[in-house]
Amino acid sequence: MKTINTISQLRDIKERYNKTLQKYDYRIYICSGAGCVSSNCAQVYDTFVNGIQNKGLAGKVKIYQTGCMGTCAVGPVVLVLPDRVFYTEIDEKKAQEIINTHIIGGRVIEEYTFYDHSLRKHVPKIDDIDFFKRQVKIALRNCGSIEFGDIEAYIASDGYFAIHSALSGLSPKDVVDIVKKSGLKGRGGAGFPTGVKWEAALNQSGDAKYIVCNADEGDPGAFMDRSIIEGDPHSVIEGMMIGGYAIGANMGYIYIRAEYPIAVERMTAALEEARGLGLLGKNIFGTDFSFDIEIRIGAGAFVCGEETSLMSSIEGNRGEPRQKPPFPFQSGLFGKPTIINNVETLANIPVIIFKGGEWYSGFGTEQSKGTKVFALAGNVVNTGIVEVPIGTPLGDIIFEIGGGTPGKKKFKSAQIGGPSGGCVTTKDLNVITDYEPLKELGAIMGSGGLIVMNEDTCMVDTARFFMDFIRDESCGKCTACRIGTKRMLEILERITRGEGKEGDVELLIELGETLSETAMCGLGQTAPNPVLSTIKYFRDEYDEHIRNKYCRAGVCSELFISPCENTCPANVNVPGYMSLIAAGRFIDAYNLVRQENPFPAVCGRICTRPCESKCRRGTVDEAVAICDLKRFVADYAIQNEKAYSHDIVFPKNGKSVAVLGAGASGLTCAYYLARIGYDVDVFEEHDTAGGVLCYGIPEYRLPKDVLAHEVLLVEQAGVKIHLNTEVGKDISFKDIKSKYDSIYIATGTQLPQKVNIPGEDLPGVIHGIRFLKKANTHAPMQIGCNVMVIGGGNTAIDSARTALRLGAKKVTVLYRRTTDAMPAYETEIREAVEEGIEIIELAAPVRFIAGKDGKVCKVECVKMRLGNFDASGRRRSVLIEDSNFVLDADMVIPAVSQHADFPFIGKDEIGITPWGTFVLKDDTQMTTMEGVFAGGDVTRGPDEVIRAIADGKKAAVSIDKYLGGKGKLNKGEFIDIPEISDNDEVVAHARFEQEVLDPETRKNNFDEVIKGYHKLNAMAEAMRCLHCERRQ
Amino acid sequence: MKTKSVTEKHCECKECNEKQYSEIANIIDLYKGKPGSLIQILHLAQEVYGFLPLDVQIYIADSLNIPLSEVSGVVTFYSFFSTKPRGRHTIRVCLGTACYVRGGKKIVEGLREKLGVDIGQTTPDGKFTFEVARCIGACGLAPAVMIDDVVYKQVNVNKLGAILSKYDE
């Protein structure tokens, strides 16, 4: 090929190439980014090539291999032009079908196109896909849309035009000025203004200068730079040429890490192409500017990403950093003035020169111009490469472009900046991705690696992981880093092993601050960042690991038996009872559960099962039915009446405790205290014990006789329950305080939260918990024909399903957010919908309208949309102006949370929080009043039963210690658990099902909806347990 | 530094050894003039020889006329360079959390027994290098073991024999 010397030659190539594109009926672009390469895109490419050839269509259909298109999670991906249809997860078989059906048959195969999980549908055209819509591709302008291996494709996209215009009409200073005007900052992480850096080198005198491209990209989780090199290598070459011209360098080096052989291969080929056309080498474009580039390969040292280490490595030495000053632009590679730029920075240069600095400065924020490429990885749906204008809110990148966290797991934090960076939590999701705002949060922009972490991530373990990496990569030159990272790692490892000591966190902070102030290079200086950042935002987790030897995420396996047991607030020995059920020892299983939870029959029906969300079986097929199996053994025990004959109660110790409230929490506390010898009196204002279990939960979920049975067992342990006794009326709090040695307050949340809109007091409007109480006590009540329930929690769904059963013709649930954001238990929502209940999402009531008879007859509502993120990581719902609409409703049940009230005690006598719960002094659950403890919903607002039970158990321990005991509970006889003999391969199998009443049968009565397990299915289900408690 | 000639090198196969040394000599000739080419030379030499024992380092140092300490310093700094022979196949046992609680440690014990070497070492016959990996992201297949590029899922001690025998030569 001829040497290119003139602009018209470039133009000719461009025109010719673009004309060639036109002549094809179809152009098929196969992504050959690294992700797709690992997914065998080569086979897909071959299939297309051979397939088209075999059909004789080679003249009409052209197949190209491009760089990364960005959707790395669903590769191999294929883009078909001119239709712009985007196919994902293509294999050889699908490729053949695309040829037959789409290319030849002219019909798009929608099932093979991109699937949007948020919208729950396929989106065939690439321009309609949300993942791409918000992106602005400047550095990635050619990535994924041109053939990386053909320089003519690059020229056809205005490639090498910029260097030409620089050489033919601009002085080096002009070039520097354009770059300065653009506002481009270094994209490697430090964010130093590129133009300013170049200017310094330009003004530096020297007989030789160098420009170096840093393609060492060592951050775990960063794969942006490789995508640029592998997808658009010429953009980097041209960027370096322009840089070389600007600063006065004739030689450039590209330092590529050894772990990127594909990048080395493609860049080598690109350089040869460029040389072949005379675009590299002597007298480029006929000017006296000569420039060439050499590739230098790293050898597996993260520190070589630091510029002075990098230069040291190019010089063939150990990659140890040097002191700055002198800065590289003064004395760098081989002692000469050198500029080192990141790959992404250089990739932006040609288009900045071509379109002008002003154009580029139109993107981004006041302080930082342009766009940034991010690599999204971790617990995010759309893993891959994205490019957005600087200043895009982080939450938008993670949720709108990234698609949020997969499955039902909640977002926890995002790590930006890799091992030098910090985490951003749910409360800062609206932070704009810009250098300063991120720095203020304790994070950094970094090179662009963005790792999303969900609730199953332990932040202490994450800090340990990064510190382990950094310690391994520390070059060892300076004491601060060499020893500091090691010591910090030792402390973190101890903490994750359960050997943390009081003062460890303070020591980590001290070491970290010292290290960042005294280390010689950026690696050491930023090494403490992940640790300090996680300490700042997740201090609780550190404290839990150290003081309570507890890992809430269920990761630090030396701290727990199994993830399920660890997550259970009451720490029930789940794998233990799985083994016992599988062995047919149902009563023993029941007793094992009862050691930690005195309400297995209740919980087996209504627990929200946090254990199942952590069950590792879920990664194979589906979580084990831990909760349903608990119900099975409890029901078995009730039927067989053998369970409680073994209960041993310690002899009386002469001390007495009063418990206020016979709900789950109060009864649990009473039960455990009675078993270790205390005299316990429970005071309950209603005529039946159970609290919410009795008055809130409908009978089709929890039959009264089941509850009564478990209450009876509590009484049989020696607890005296005084019904119809209201504290503050029938007996004063003062009297109780004088008669009893200690008190446990567990009075729950009695009062409904108001919606606070006009008409709330109209007849026909009744709040959820009041409605449920009336229904559960069979009080006479008029049910409307057209019932509307407001809210999305369990009370709302319970109210809706109860209203249906009491005779409502139509029941609607109005919720301000979307269904998947509803706090109610998923199965309940599903069963409600099966029963014909309608859920209206994104709507809120504005006022209740009365009819002629003065009763409610309509509800005026307004539509909502999802706005910015709130502190829980969910989007706020924002009302849409003038979107009001009216719905008929002759009965309205607002169920929007409850709060507590305790009239029996003065608000000035005891510490109360701003939201009406008791202030608990410390971990013991004692209130600010000496000897008075509290637990359950009254301390936390409406929450799960199992947590209330856990509180009761914990309070029993605290009360015993307070009254001079050791705090050791009487959990009954030791139950030996059979050894696990199953070492066979795990075979996937869906859950064994329980019997459930069908919707038609169940929706007009209060019969229990779930009938329970058949014995054999229960045993089989228990055998699905993976026994994560197994150790050596 | 005494220069050892190629023919004095000790190796199991003298012929191969000679061939390798002469290839290394060629590489050095190619890159000798370029400043900072040591790392490049070491990469290529390792490709030829398999690893970079002291003898090879001495040879390279002599040929480039630089101190052995410099060559050695570079070899030991970068993780890509190995002074010990690597096996033809690399076994990586995943000890990420999911694999760990599913018995990853037992597999490590089992492999120690079967291979007769510890973590980080290579079997005497040069077949396997035994390593542990942090997490290879195949948690649904726990406990996982990677041999070269292949991921073996749900491995247990009983299956190790069958898996290793696939690599019988």
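Computed over heavy atoms, backbone and side chain alike; hydrogens, waters and symmetry mates excluded. Numbered from 1 within each chain, the chains take letters A, B, ... in sequence-line order.
Between A/Gly300 and B/Ser79 the shortest heavy-atom distance is O-OG, 2.7 Å. Residues B/Tyr78 and A/Arg318 share a closest heavy-atom pair of OH-C, 3.8 Å.
Both the backbone and the side chain of A/Cys475 come within contact range of chain B, with heavy atoms under 4.5 Å apart. Neither the backbone nor the side chain of A/Glu473 comes within contact range of chain B; no heavy atom of the residue lies under 4.5 Å from a heavy atom of that chain. At a 4.5 Å heavy-atom cutoff, A/Ser312 makes no contact with chain B through either its backbone or its side chain. For A/Ile297, the parts lying near chain B are the backbone and the side chain together; criterion is any non-hydrogen pair under 4.5 Å.
More than 12 heavy atoms of other residues, nucleotides or ligands shown are found within 6.0 angstrom of CG on B/Asp118.
Listed in order of number, the residues of residues 34-44 of chain B that approach chain A to under 4.5 Å between heavy atoms are B/Lys34, B/Pro35, B/Gly36, B/Ser37, B/Leu38, B/Ile39, B/Gln40, B/His43.
For chain B, the option among A/Ala299, A/Gly298, A/Gly316 with the highest count of heavy-atom pairs below 4.5 Å is A/Ala299.
Distance check: A/Arg257 CZ to B/Phe80 CZ gives 8.0 Å after rounding to the nearest 0.5 Å.
Every residue meeting the side chain to side chain contact (heavy atoms under 4.5 Å, CB included) condition with B/Asp168, not counting sequence neighbours, appears here in chain and number order: B/Lys127, B/Ser165.
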